[in-house]
Structure formats: structure tokens, C-alpha cells
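Order of the sequence lines sets the chain letters (A, B, ...), proteins ahead of strands, with each chain counted from 1.
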2 protein chains.
Amino acid sequence: MTRKNAAAEVVRTLRERILSGALQEGTALRQEKIATELGVSRIPVREALTQLEAEGLVKIVSHIGAIVAEWSLEEIRQTFEMRAVLETWILGAALPFMTEADLLKAEAVIEEMETADLEGWGQMNWRFHEALYSPSRKDHVIAMLRKTHENIDRFLHMHMKLTDGRKKAQTDHRQLLELCRAKDFHRSEAVLRNHILDVSDRLVESVELGRKIAAAQRPRRRQRRKITPEAQQTGDLSGDLPTKPT
Amino acid sequence: MTRKNAAAEVVRTLRERILSGALQEGTALRQEKIATELGVSRIPVREALTQLEAEGLVKIVSHIGAIVAEWSLEEIRQTFEMRAVLETWILGAALPFMTEADLLKAEAVIEEMETADLEGWGQMNWRFHEALYSPSRKDHVIAMLRKTHENIDRFLHMHMKLTDGRKKAQTDHRQLLELCRAKDFHRSEAVLRNHILDVSDRLVESVELGRKIAAAQRPRRRQRRKITPEAQQTGDLSGDLPTKPT
DNA sequence: GAGTCACAAATTGGATACAATTTTGCCACC
DNA sequence: GGTGGCAAAATTGTATCCAATTTGTGACTC
């Protein structure tokens, strides 16, 4: 299968690496290096970086370079607050239209999550939430929320790796599901709100801890072009793209 | 004064043209044409288009081209709903910290808007809202809202050009300001909510009307590359950028 | 020895050139 | 007259090359 778009493929690869934590925040993304490792020229790489910057995953400084974006704890907190506000609202808007079929779909996702590994967990988590919101028919809002989820997914990933918050999430999800089934507007919104804000608090702690650990692991190596190549990664990306057959 | 970044300048120019309505929705954005008219190569133009796509102002289809993004009425409606939800929330969060200085700043913007022309109106409108939200200290949320405002600014622009909704907006703004001064949480949020949703309803009507007018004005010219170059614009952009001195 | 200036190396930004893809105009054919 | 297919034209995607910018290094000065 031949790809249509080198740039799109680079975006996919880099995004995956960032979301999974393979490329940690602060890591320098050198165009040339990525280009050679992925078997393309720098042009599609630059385009990919631009797109990822728009997504909030990468930060580009003109003439200096690109790094995996570092979100402040405050930014993360506020993003979760926004989620709490928007998602409780959209849940309320969805409840009147929610059918048993919707609930069963959400329930199936919960079951799936029981045995899911860490990698796929974040995406499934979103699929659960989405199942509850989609009856609202507010597709554009949902699309926006999906982007938000994706952006903070890497922090969720880090959190779930450090602590085992998945159990708590599962019970929250089941409780939320039952309240939705009972069409209990007030309590379902309250549970959702608490679920989001609770995860936020714990997650922020995890991120803080994770950053301290990461900082302790690399006290050596001094700055270079104002951008520290952290663990001199950029990861070995070779093999992710088929090298051009000339 | 020599610019640092050709791409950034192209973004600025194109964004301005789109927001002001000089480039109408659906207009094809041909890379080569824009490049020559702005005196740069296609590389920065492509980068600009990518960025604008992320902002939601442009839509790019691989191997086909870019057009000024066409938002469905439903998308516009939902965006305003999100605004209503988020902005009432953040207003409530800002109220306890709001000082007379903040109120005076907002009041000054209202005064400024009395005599503002259509072009600058949208930006001032945002400055007013921002003044009320900034005491919340939720900078990241505010930044996000700014982007949202900017995205729908072009529809607001179209609306204000067709109907004279500015008078109504001004009275709404003054009323909101006084309720904030009185720290009346409940009523200020209600007024803000109604203000946003009311504008939304009227604006959607205007956009619908505006599109009908636009459609009637160009029944000729058949499709070309699946993208209709609407009023064969791309506008005369020459002169916006200093042509490179060789 | 510390600070400073100049120059070299590394890296990104942009322009030109070429390849790939899509559209369209044209012509045969039904 | 309409339709399908093929080739040319137009346009986008990518590679390569050159320019601009930043950072690192070392010599020189005080």
C-alpha cells in the first residue's frame, strides 16, 4: 500500500510517538534527522511540524527549531476545567435523546477497557465519553472535544503509567452509565464533573512527579541552540515509513 | 523594515482578507497565484495554508487545493452555543476578582466602539469581552476563546454589514457592564448568555441570506478542479507585501 | 583569568526544479 | 447528440540547493 502523502504520514508517526510518550516533552525535533530516518526530505517534515504545532503538540520557534510542546500545569488544569464545563453541558443535552442502544455501546466500551493495555486506553476512554455525548447531535462540539482529549491524552497516558487510576475511572464510568440510564440529569452531571476534575487533580500531580523524575534523569548535557535535546532522543523512527524505492 | 518570516506574513495577509470578507468562503486559494502576488515562493504559502487550516479558516484537500472554509449554519450555531456555555462560566469565575479598573477598561472599549468602523468592530468586541473575563486569570481558556472569536469573526462581520446589529450589541454590553459592576452573578450570566445566543440566531439568518445573495451573483462559470473559484477571486493581493529586492 | 569580538559550524527558512496527481479538452465512437 | 477514453494542461507534492540566522569556539585584549 503506497501512501498518498508523505507529510500526512510524518504527522501520524510523530503524533503517535508524542502521544505515547516515546517522544517526551521538550525533546528537540530536528528536521534533517527526522527526514532521513523516515526516508523523506525536509519539506514534508516541516509541514508535519507546522500541523502538529497547530494541534498543540509541538512548539516551533523561528530559526531555532521545534520541540515537543511543554504544557504548564496550569494549562493542563484549565483544559480539564473547560472539559468539565463543556462535557457536563453536552451530557445534559444528550440525555433526553439517549437510547438503550447508546447505553449498550458505552457499556461495551467499558468492557473492552477492562482488558485493554495502556496504549489503547486513552482512545477507548474517549470512545466511552463520545458514546454518551453523541446523542446530543452536536457533532461540531464533539469534534472539538475530541481534539482536546487527544491533546491531553499524553498526560493521561503518563498518569496511568505512574499510578493505577484506571480502576477508579472504571467505577466512575459504570456509575455514570447507570445514572444516564436512569436519566438522572442532576447526578449524572455531578458525577461526570467530579470524574473529570478528580482525574485532573491526580493527573496534574502525576505530571509534576513525572517531570521531576525526567529532570533528575538528565542533569548532564548542556544547552544547545537554546533547545535542550533532553535525552538526545528523536527516537529511532526508522522503519516506520517504507523507504522510497528511489 | 524587513520581515523575519515570509510564511507568517502570508498568514497575516490571508487571514485578514478572509476575516474581512474580501476572500469569500469557497474561494479557491491557488498556491502559485498567491505566491507570485505576494512575491514569495510556494513554500511559505503552503505553510500559511496549513496554519490557516488549523485555525479553521481554510480547508485543504490533498492534491486538489485549498479553499476558504465553508462553515455550515449548524457549525456556526454550535460554536456560539459553546461560547455561551464557556463564557458564562468564565464570567462567573471572573466576577469575584473584578475591580473597578477592569470595569473602566471595558467601558472604554464600549466608548471606542461607538465610533468604530466595521473593520475594527469585531476585534474591539472581543477586547470588551476579554476585559470582563481576564480577572478570572484563566489565561489559557481566554486564549482559546480568542481563537474561537477570531474564527467566527468573519460571520459577525457579514452580519454587521447586512443588518445593523451594532446598536443592540452596544446596549447589551452596557447592561452587562452594569450588572458586573453590581456583582450580580445570576443576571449578568443570563444577559451574557442571551447576548451571545441572540447574536447567534440573527447572525445565522444573515449568513444564510448573505450566501443566497452570493450564490445568486455567480450562477455562471462551471466547476474547475472540483473547487469552484466562486467569483474568480483570490483577490488582488499585490502590494500587501514588499516585493523582494531581488 | 575573564570578557569580547570574529569567524566557523549547524540548523532552519526559502527558492527553484522536478515528480505525481487531477482536471479538462478533444476526438473517436455509439 | 451524448459518452467514454486518452493526452495535454494545470496544479499540488516533494526533493535539492542556496540564503539567513543562530550558536559554538577560539583567539585576542585587558
*Asks:* Among all residues two or more places apart in sequence or in another chain, which pass the side-chain hydrogen bond (donor to acceptor under 3.5 Å, both in side chains) test with S62(B)?
*Replies:* N5(A)

*Asks:* Starting at the 5' end of DNA chain D, which residue's closest nucleotide do you reach first, A8(A) or S62(A)?
*Replies:* A8(A)

*Asks:* I want to verify a distance call: between dT14(D), dT11(D), dG13(C), whose nearest atom is closest to the A6(A) side chain?
*Replies:* dT14(D)

*Asks:* Within this structure, what is the CG-to-P distance between N5(A) and dT22(C), rounded to whole angstrom?
*Replies:* 11 Å

*Asks:* For the side-chain contact (heavy atoms from CB on, under 4.5 Å) test, which of R77(B), M82(B), Q78(B) pairs with K138(A)?
*Replies:* Q78(B)

*Asks:* How many whole angstroms separate atom NE2 of H63(B) from atom P of dT23(C)?
*Replies:* 11 Å

*Asks:* If I take atom CD1 in residue I64(B) and atom P in nucleotide dA20(C), what distance separates them, rounded to the nearest angstrom?
*Replies:* 18 Å

*Asks:* Starting at CG of L38(B) and ending at P of dG14(C), how long is that distance when rounded to a whole Å?
*Replies:* 13 Å

*Asks:* Which residues in residues 41-50 of chain B have at least one heavy atom lying under 4.0 Å from any atom of DNA chain C?
*Replies:* S41(B), I43(B), P44(B)

*Asks:* Using the salt bridge (charged side-chain N to carboxylate O under 4.0 Å, His left out) rule, collect all pairs that involve residues 49-69 of chain A, keeping only residues at least two apart or in two chains.
*Replies:* R15(A)-E55(A)

*Asks:* Using whole Å, report how far CD of E32(B) lies from P of dA15(C).
*Replies:* 12 Å

*Asks:* Measure from CD on E53(B) to C1' on dT12(D) and round the result to the nearest Å.
*Replies:* 14 Å

*Asks:* Who pairs with R137(B) by side-chain hydrogen bond (donor to acceptor under 3.5 Å, both in side chains), at least two apart in sequence or on another chain?
*Replies:* none

*Asks:* Could you tell me which residues satisfy side chain to side chain contact (heavy atoms under 4.5 Å, CB included) with R166(A), sequence neighbours excluded, listed by chain and number?
*Replies:* L118(A), W121(A), M160(A), D164(A)

*Asks:* Can we say E9(B) and R12(B) salt-bridge, meaning some charged N sits less than 4.0 Å from an Asp/Glu carboxylate O?
*Replies:* yes

*Asks:* Distance check needed: dG13(D) P versus Q51(A) CD, whole Å only.
*Replies:* 11 Å

*Asks:* Under 4.0 Å between a side-chain N/O of R30(B) and OP1 or OP2 of dA10(D), yes or no?
*Replies:* no

*Asks:* Whole angstroms only, please: what is the CD-P distance between Q31(A) and dT14(D)?
*Replies:* 15 Å

*Asks:* side-chain hydrogen bond (donor to acceptor under 3.5 Å, both in side chains) with D102(A): which residues, sequence neighbours excluded?
*Replies:* T99(A)

